[in-house]
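Here is how names work: the chains are called A, B, and so on, in the same order as the sequence lines, proteins then strands, and each is numbered from 1.
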Protein chains: 2
Amino acid sequence: MVEKRTFSISELSQEFDVTTRSIRFYEDQGLLKPRRRGQTRIFSTKDRVRLKLILRGKRMGFTLAETKELFDLWDETLTGNEKQLLKMLEILEARRAQLEQQKNDIAQAEMEMDTAEARCREALAELQKKKKEQGLVPKETEEAVAQK
Amino acid sequence: MVEKRTFSISELSQEFDVTTRSIRFYEDQGLLKPRRRGQTRIFSTKDRVRLKLILRGKRMGFTLAETKELFDLWDETLTGNEKQLLKMLEILEARRAQLEQQKNDIAQAEMEMDTAEARCREALAELQKKKKEQGLVPKETEEAVAQK
DNA sequence: GATAAAGTTTACGTAAACGTAAAGTGGTTT
DNA sequence: AAACCACTTTACGTTTACGTAAACTTTATC
(Lines give C-alpha, C1' and ligand atoms only; values in the text may rest on other atoms or scores of the structure.)
Protein backbone atom coordinates (compact mmCIF):
# COMPACT_ATOMS: atom_id res chain seq x y z
CA MET A 1 0.00 0.00 0.00
CA VAL A 2 2.52 2.55 -1.09
CA GLU A 3 0.10 5.05 -2.74
CA LYS A 4 1.92 4.67 -6.03
CA ARG A 5 -0.18 7.19 -7.91
CA THR A 6 0.90 9.83 -10.36
CA PHE A 7 -0.61 13.21 -11.08
CA SER A 8 -1.21 15.50 -14.01
CA ILE A 9 -0.33 19.14 -13.83
CA SER A 10 -3.96 20.19 -13.60
CA GLU A 11 -4.69 17.74 -10.81
CA LEU A 12 -1.98 19.28 -8.69
CA SER A 13 -3.01 22.73 -9.81
CA GLN A 14 -6.55 22.16 -8.55
CA GLU A 15 -5.62 20.33 -5.39
CA PHE A 16 -3.30 23.07 -4.17
CA ASP A 17 -4.96 25.99 -5.85
CA VAL A 18 -1.95 27.19 -7.82
CA THR A 19 -1.80 27.93 -11.53
CA THR A 20 -0.18 25.51 -13.92
CA ARG A 21 2.06 28.40 -14.81
CA SER A 22 3.43 28.42 -11.29
CA ILE A 23 4.03 24.68 -11.29
CA ARG A 24 5.91 24.90 -14.55
CA PHE A 25 7.86 27.80 -13.15
CA TYR A 26 8.85 25.78 -10.11
CA GLU A 27 10.11 23.07 -12.42
CA ASP A 28 11.98 25.64 -14.44
CA GLN A 29 13.70 26.81 -11.30
CA GLY A 30 14.71 23.26 -10.44
CA LEU A 31 12.32 22.73 -7.54
CA LEU A 32 10.30 20.00 -9.22
CA LYS A 33 11.52 17.27 -11.54
CA PRO A 34 8.52 15.46 -13.01
CA ARG A 35 8.99 12.59 -15.43
CA ARG A 36 7.78 12.95 -19.01
CA ARG A 37 5.59 10.88 -21.23
CA GLY A 38 6.37 12.44 -24.55
CA GLN A 39 6.42 16.06 -23.56
CA THR A 40 3.67 15.74 -20.98
CA ARG A 41 4.66 16.06 -17.34
CA ILE A 42 3.94 13.22 -14.97
CA PHE A 43 4.21 14.07 -11.29
CA SER A 44 5.04 11.50 -8.63
CA THR A 45 3.96 11.56 -4.99
CA LYS A 46 7.42 12.89 -4.22
CA ASP A 47 6.77 15.82 -6.54
CA ARG A 48 3.49 16.33 -4.78
CA VAL A 49 5.16 16.46 -1.41
CA ARG A 50 7.68 18.93 -2.72
CA LEU A 51 4.98 21.15 -4.11
CA LYS A 52 3.33 21.14 -0.72
CA LEU A 53 6.63 22.11 0.87
CA ILE A 54 7.16 24.88 -1.66
CA LEU A 55 3.78 26.39 -0.88
CA ARG A 56 4.25 26.13 2.83
CA GLY A 57 7.65 27.71 2.44
CA LYS A 58 6.02 30.59 0.64
CA ARG A 59 3.48 31.07 3.39
CA MET A 60 6.37 31.15 5.81
CA GLY A 61 8.13 33.82 3.81
CA PHE A 62 10.81 31.69 2.16
CA THR A 63 11.89 32.51 -1.35
CA LEU A 64 11.90 29.80 -3.98
CA ALA A 65 15.69 29.98 -4.05
CA GLU A 66 15.85 29.25 -0.33
CA THR A 67 13.49 26.33 -0.67
CA LYS A 68 15.47 24.99 -3.58
CA GLU A 69 18.65 25.26 -1.57
CA LEU A 70 17.05 23.11 1.11
CA PHE A 71 15.87 20.54 -1.43
CA ASP A 72 19.27 20.32 -3.07
CA LEU A 73 21.03 20.14 0.23
CA TRP A 74 18.75 17.39 1.41
CA ASP A 75 19.39 15.41 -1.74
CA GLU A 76 23.12 15.78 -1.28
CA THR A 77 22.79 14.92 2.36
CA LEU A 78 21.28 11.58 1.42
CA THR A 79 24.51 10.66 -0.34
CA GLY A 80 26.06 10.55 3.10
CA ASN A 81 29.04 12.86 2.70
CA GLU A 82 30.19 14.05 6.12
CA LYS A 83 30.74 17.67 5.15
CA GLN A 84 27.24 17.82 3.69
CA LEU A 85 25.75 16.33 6.82
CA LEU A 86 27.40 18.91 9.01
CA LYS A 87 26.35 21.71 6.72
CA MET A 88 22.80 20.41 6.86
CA LEU A 89 22.85 20.46 10.63
CA GLU A 90 24.09 24.04 10.55
CA ILE A 91 21.34 25.12 8.22
CA LEU A 92 18.74 23.37 10.33
CA GLU A 93 19.97 25.34 13.31
CA ALA A 94 19.69 28.59 11.38
CA ARG A 95 16.15 27.72 10.31
CA ARG A 96 15.19 26.97 13.88
CA ALA A 97 16.39 30.40 14.91
CA GLN A 98 14.33 31.87 12.11
CA LEU A 99 11.28 29.95 13.28
CA GLU A 100 11.81 31.22 16.81
CA GLN A 101 11.86 34.75 15.48
CA GLN A 102 8.66 34.11 13.59
CA LYS A 103 6.99 32.67 16.64
CA ASN A 104 7.93 35.77 18.59
CA ASP A 105 6.58 37.95 15.82
CA ILE A 106 3.32 36.05 15.81
CA ALA A 107 2.96 36.23 19.59
CA GLN A 108 3.59 39.98 19.49
CA ALA A 109 1.09 40.41 16.69
CA GLU A 110 -1.51 38.44 18.59
CA MET A 111 -1.11 40.60 21.66
CA GLU A 112 -1.46 43.76 19.65
CA MET A 113 -4.48 42.39 17.90
CA ASP A 114 -6.02 41.63 21.28
CA THR A 115 -5.68 45.21 22.42
CA ALA A 116 -6.79 46.50 19.03
CA GLU A 117 -9.91 44.37 19.20
CA ALA A 118 -10.62 45.47 22.73
CA ARG A 119 -10.43 49.11 21.68
CA CYS A 120 -12.74 48.47 18.78
CA ARG A 121 -15.31 46.87 21.05
CA GLU A 122 -15.04 49.70 23.53
CA ALA A 123 -15.58 52.22 20.79
CA LEU A 124 -18.56 50.27 19.51
CA ALA A 125 -20.05 50.15 22.99
CA GLU A 126 -19.60 53.91 23.25
CA LEU A 127 -21.43 54.33 19.99
CA GLN A 128 -24.29 52.16 21.18
CA LYS A 129 -24.58 54.27 24.32
CA LYS A 130 -24.65 57.44 22.22
CA LYS A 131 -27.37 55.95 20.10
CA LYS A 132 -29.52 55.19 23.11
CA GLU A 133 -29.07 58.70 24.43
CA GLN A 134 -30.04 60.01 21.05
CA GLY A 135 -33.09 57.82 21.19
CA LEU A 136 -34.08 59.36 24.52
CA VAL A 137 -32.97 62.92 23.80
CA PRO A 138 -33.40 63.12 20.03
CA LYS A 139 -32.24 65.72 17.54
CA GLU A 140 -28.97 66.50 19.25
CA THR A 141 -26.86 68.44 16.75
CA GLU A 142 -23.71 66.93 15.21
CA GLU A 143 -21.63 69.75 16.62
CA ALA A 144 -22.76 69.04 20.14
CA VAL A 145 -21.87 65.37 19.71
CA ALA A 146 -18.49 66.24 18.33
CA GLN A 147 -17.71 68.45 21.30
CA LYS A 148 -17.96 65.55 23.71
CA MET B 1 8.09 60.94 30.75
CA VAL B 2 6.56 60.57 27.34
CA GLU B 3 9.78 59.75 25.41
CA LYS B 4 9.23 62.74 23.16
CA ARG B 5 12.31 62.17 21.00
CA THR B 6 12.67 62.46 17.26
CA PHE B 7 14.91 60.56 14.88
CA SER B 8 16.91 61.17 11.73
CA ILE B 9 16.68 58.80 8.83
CA SER B 10 20.11 57.35 9.49
CA GLU B 11 19.36 56.78 13.14
CA LEU B 12 16.38 54.63 12.24
CA SER B 13 18.34 53.05 9.42
CA GLN B 14 21.03 51.90 11.83
CA GLU B 15 18.73 50.88 14.62
CA PHE B 16 16.63 48.58 12.46
CA ASP B 17 19.27 47.65 9.92
CA VAL B 18 17.42 48.87 6.85
CA THR B 19 18.73 51.15 4.14
CA THR B 20 17.67 54.78 4.00
CA ARG B 21 16.44 53.92 0.54
CA SER B 22 13.92 51.53 2.03
CA ILE B 23 12.74 54.05 4.57
CA ARG B 24 12.22 56.67 1.87
CA PHE B 25 10.42 54.06 -0.17
CA TYR B 26 8.08 53.28 2.70
CA GLU B 27 7.27 56.97 2.93
CA ASP B 28 6.72 57.10 -0.79
CA GLN B 29 4.21 54.30 -0.47
CA GLY B 30 2.38 56.13 2.28
CA LEU B 31 3.44 53.91 5.17
CA LEU B 32 5.44 56.59 6.96
CA LYS B 33 4.67 60.27 7.23
CA PRO B 34 7.64 62.04 8.83
CA ARG B 35 7.56 65.79 9.38
CA ARG B 36 10.01 68.02 7.57
CA ARG B 37 12.44 70.66 8.65
CA GLY B 38 13.21 72.27 5.34
CA GLN B 39 13.45 69.18 3.18
CA THR B 40 14.99 67.00 5.85
CA ARG B 41 12.82 64.26 7.30
CA ILE B 42 12.13 64.19 11.01
CA PHE B 43 10.72 60.95 12.37
CA SER B 44 8.57 60.77 15.48
CA THR B 45 8.27 57.87 17.88
CA LYS B 46 5.05 56.99 16.11
CA ASP B 47 6.98 56.69 12.84
CA ARG B 48 9.47 54.52 14.65
CA VAL B 49 6.74 52.20 15.85
CA ARG B 50 5.31 51.99 12.37
CA LEU B 51 8.68 51.15 10.92
CA LYS B 52 8.99 48.36 13.43
CA LEU B 53 5.56 47.10 12.43
CA ILE B 54 6.46 47.28 8.75
CA LEU B 55 9.54 45.15 9.28
CA ARG B 56 7.73 42.63 11.41
CA GLY B 57 5.03 42.47 8.81
CA LYS B 58 7.65 41.68 6.22
CA ARG B 59 9.09 38.90 8.32
CA MET B 60 5.58 37.51 8.61
CA GLY B 61 5.12 37.57 4.87
CA PHE B 62 2.90 40.65 4.56
CA THR B 63 3.31 42.88 1.57
CA LEU B 64 3.77 46.60 2.07
CA ALA B 65 0.33 47.16 0.57
CA GLU B 66 -1.25 44.89 3.17
CA THR B 67 0.53 46.63 5.98
CA LYS B 68 -0.48 50.00 4.62
CA GLU B 69 -4.07 48.85 4.44
CA LEU B 70 -3.93 48.00 8.13
CA PHE B 71 -2.38 51.35 9.01
CA ASP B 72 -4.97 53.27 7.02
CA LEU B 73 -7.78 51.24 8.43
CA TRP B 74 -6.57 51.77 11.95
CA ASP B 75 -6.38 55.52 11.38
CA GLU B 76 -9.91 55.51 10.05
CA THR B 77 -11.03 53.32 12.91
CA LEU B 78 -9.85 55.95 15.36
CA THR B 79 -12.39 58.38 13.92
CA GLY B 80 -14.99 56.11 15.46
CA ASN B 81 -17.27 55.43 12.50
CA GLU B 82 -19.31 52.30 13.21
CA LYS B 83 -18.88 50.75 9.79
CA GLN B 84 -15.13 51.19 10.02
CA LEU B 85 -15.08 49.60 13.44
CA LEU B 86 -16.95 46.55 12.24
CA LYS B 87 -14.74 46.24 9.20
CA MET B 88 -11.71 46.42 11.45
CA LEU B 89 -13.05 43.60 13.60
CA GLU B 90 -13.59 41.52 10.49
CA ILE B 91 -10.06 42.10 9.28
CA LEU B 92 -8.67 41.27 12.68
CA GLU B 93 -10.52 37.96 12.52
CA ALA B 94 -9.07 37.23 9.11
CA ARG B 95 -5.57 38.01 10.36
CA ARG B 96 -6.06 35.69 13.29
CA ALA B 97 -6.95 32.88 10.93
CA GLN B 98 -3.84 33.67 8.95
CA LEU B 99 -1.74 33.55 12.10
CA GLU B 100 -3.24 30.19 13.01
CA GLN B 101 -2.25 28.87 9.60
CA GLN B 102 1.26 30.17 10.10
CA LYS B 103 1.50 28.58 13.50
CA ASN B 104 0.45 25.27 12.01
CA ASP B 105 3.02 25.68 9.25
CA ILE B 106 5.71 26.39 11.79
CA ALA B 107 4.76 23.43 13.95
CA GLN B 108 4.84 21.15 10.91
CA ALA B 109 8.19 22.52 9.85
CA GLU B 110 9.61 21.99 13.31
CA MET B 111 8.53 18.37 13.33
CA GLU B 112 10.07 17.75 9.97
CA MET B 113 13.25 19.42 11.02
CA ASP B 114 13.37 17.18 14.06
CA THR B 115 13.25 14.05 11.96
CA ALA B 116 15.67 15.54 9.44
CA GLU B 117 18.13 16.32 12.18
CA ALA B 118 17.76 12.86 13.65
CA ARG B 119 18.52 11.29 10.30
CA CYS B 120 21.56 13.50 9.90
CA ARG B 121 22.90 12.45 13.26
CA GLU B 122 22.27 8.79 12.52
CA ALA B 123 24.11 9.10 9.23
CA LEU B 124 27.00 10.81 10.98
CA ALA B 125 27.16 8.06 13.58
CA GLU B 126 27.26 5.51 10.78
CA LEU B 127 30.18 7.34 9.21
CA GLN B 128 32.05 7.40 12.50
CA LYS B 129 31.60 3.65 12.81
CA LYS B 130 32.89 3.13 9.30
CA LYS B 131 35.92 5.24 10.10
CA LYS B 132 36.75 3.12 13.12
CA GLU B 133 36.45 -0.04 11.11
CA GLN B 134 38.74 1.46 8.53
CA GLY B 135 41.18 2.26 11.29
CA LEU B 136 41.19 -1.38 12.37
CA VAL B 137 41.06 -2.93 8.92
CA PRO B 138 42.84 -0.37 6.78
CA LYS B 139 43.18 -0.08 3.04
CA GLU B 140 39.70 -1.31 2.27
CA THR B 141 39.00 -0.39 -1.33
CA GLU B 142 36.37 2.17 -2.24
CA GLU B 143 34.51 -0.42 -4.27
CA ALA B 144 34.24 -2.75 -1.34
CA VAL B 145 32.87 0.05 0.82
CA ALA B 146 30.40 1.06 -1.84
CA GLN B 147 29.09 -2.50 -2.06
CA LYS B 148 27.94 -2.45 1.54
C1' DG C 1 35.53 79.71 3.16
C1' DA C 2 36.73 75.23 1.74
C1' DT C 3 35.49 70.74 2.54
C1' DA C 4 33.50 66.91 4.28
C1' DA C 5 29.23 64.59 6.13
C1' DA C 6 24.55 63.75 5.91
C1' DG C 7 20.66 64.76 3.77
C1' DT C 8 17.75 65.33 -0.58
C1' DT C 9 15.36 64.41 -5.44
C1' DT C 10 15.22 62.20 -9.90
C1' DA C 11 15.52 58.40 -12.47
C1' DC C 12 16.96 54.27 -14.51
C1' DG C 13 18.05 49.21 -13.25
C1' DT C 14 17.07 44.65 -11.21
C1' DA C 15 15.54 40.18 -9.07
C1' DA C 16 11.63 37.38 -7.87
C1' DA C 17 7.45 35.29 -9.06
C1' DC C 18 4.60 34.81 -11.76
C1' DG C 19 0.60 36.68 -15.71
C1' DT C 20 -0.65 36.53 -20.26
C1' DA C 21 -0.90 35.83 -24.99
C1' DA C 22 0.46 33.14 -29.20
C1' DA C 23 1.16 29.19 -31.53
C1' DG C 24 1.79 24.40 -31.69
C1' DT C 25 1.23 19.05 -30.21
C1' DG C 26 -1.42 14.92 -29.15
C1' DG C 27 -5.30 12.36 -27.97
C1' DT C 28 -10.52 11.53 -28.20
C1' DT C 29 -15.02 12.42 -28.94
C1' DT C 30 -18.77 13.32 -32.37
C1' DA D 1 -12.24 14.67 -40.52
C1' DA D 2 -13.49 18.32 -37.69
C1' DA D 3 -13.60 20.03 -33.41
C1' DC D 4 -12.35 20.01 -28.78
C1' DC D 5 -9.60 19.29 -24.83
C1' DA D 6 -5.51 19.24 -22.00
C1' DC D 7 -1.01 19.91 -22.48
C1' DT D 8 3.14 22.02 -24.30
C1' DT D 9 6.98 25.80 -25.49
C1' DT D 10 8.42 30.50 -26.31
C1' DA D 11 8.53 34.93 -25.02
C1' DC D 12 7.32 39.39 -23.69
C1' DG D 13 4.80 42.00 -19.78
C1' DT D 14 3.94 43.17 -14.82
C1' DT D 15 4.25 43.96 -9.84
C1' DT D 16 6.87 44.40 -5.62
C1' DA D 17 10.61 46.10 -3.18
C1' DC D 18 14.06 47.94 -3.34
C1' DG D 19 19.60 48.95 -5.52
C1' DT D 20 22.38 52.20 -7.55
C1' DA D 21 24.18 56.11 -9.57
C1' DA D 22 24.04 61.29 -10.47
C1' DA D 23 23.54 65.74 -9.31
C1' DC D 24 22.15 68.88 -5.74
C1' DT D 25 21.31 71.31 -0.88
C1' DT D 26 22.20 71.92 4.02
C1' DT D 27 24.69 71.59 8.06
C1' DA D 28 28.78 70.85 10.77
C1' DT D 29 33.91 71.16 11.13
C1' DC D 30 38.49 72.56 10.40
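Heavy-atom distances to DNA chain C give each of A:Arg21 and B:Thr20 a nearest nucleotide, and the one nearer the 5′ end belongs to B:Thr20. Closest-nucleotide positions on DNA chain D for A:Arg36 and B:Thr19 were compared, and the one nearer the 5' end corresponds to A:Arg36. Each of B:Gln39 and B:Lys58 lies near DNA chain D, and the nucleotide nearest B:Lys58 is the one positioned closer to the 5' end.
Between the P atom of C:dA17 and the CD1 atom of A:Ile54 lies a distance of 11 Å, rounded to the nearest Å. For the pair B:Arg35 CZ and C:dG7 C1', the computed distance is 16 Å after rounding to whole Å. Atom CZ of A:Phe7 and atom C1' of D:dA6 are 18 Å apart (whole Å). Straight-line distance from the CD1 atom of B:Ile9 to the P atom of D:dT26: 17 Å, rounded to whole Å.
You'll find that the side chain of B:Thr63 is closest to D:dA17, out of C:dG19, D:dA17, D:dT8. Here the nucleotide nearest the side chain of B:Arg41, chosen from C:dT9, C:dG7, D:dA17, is C:dT9. For B:Tyr26, the side-chain atoms get nearest to D:dC18 when compared with the rest of D:dC18, C:dT8, C:dC18. Closest to the B:Arg24 side chain, of the nucleotides D:dC7, C:dC18, C:dT8, is C:dT8. Picking from D:dA17, D:dG19, C:dG19 the nucleotide with the shortest atom distance to the side chain of B:Ser22 gives D:dG19.
Between A:Ser13 and D:dA6 there is no side-chain polar atom (N or O) within less than 4.0 angstrom of OP1 or OP2. OP1 or OP2 of C:dG7 has at least one side-chain nitrogen or oxygen of B:Ser10 nearer than 4.0 Å.
More than 12 heavy atoms of other residues, nucleotides or ligands shown are found within 6.0 angstrom of CD on A:Glu112.
Counting any heavy atom pair closer than 4.0 Å across all strands shown, B:Ser8 reaches sugar-phosphate atoms only and no base atom.
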Run the numbers on A:Asp47 and A:Arg41 for side chain to side chain contact (heavy atoms under 4.5 Å, CB included), then give the verdict.
-> CA-CA 11 Å; A:Asp47 291 317; A:Arg41 278 162 255 251; over 6 Å; no

So B:Glu76 and B:Lys83, side chain to side chain contact (heavy atoms under 4.5 Å, CB included) or not? Walk me through it.
-> CA-CA 10 Å; B:Glu76 288 176 22; B:Lys83 236 171 86 181; over 6 Å; no

Begin from the C-alpha positions of B:Arg5 and B:Arg48 and carry the test side chain to side chain contact (heavy atoms under 4.5 Å, CB included) through to its verdict.
-> CA-CA 10 Å; B:Arg5 276 202 61 203; B:Arg48 208 182 81 123; over 6 Å; no

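Between A:Lys87 and A:Glu90 there is no salt bridge, since no side-chain nitrogen of the basic residue lies less than 4.0 Å from a carboxylate oxygen of the acidic one.
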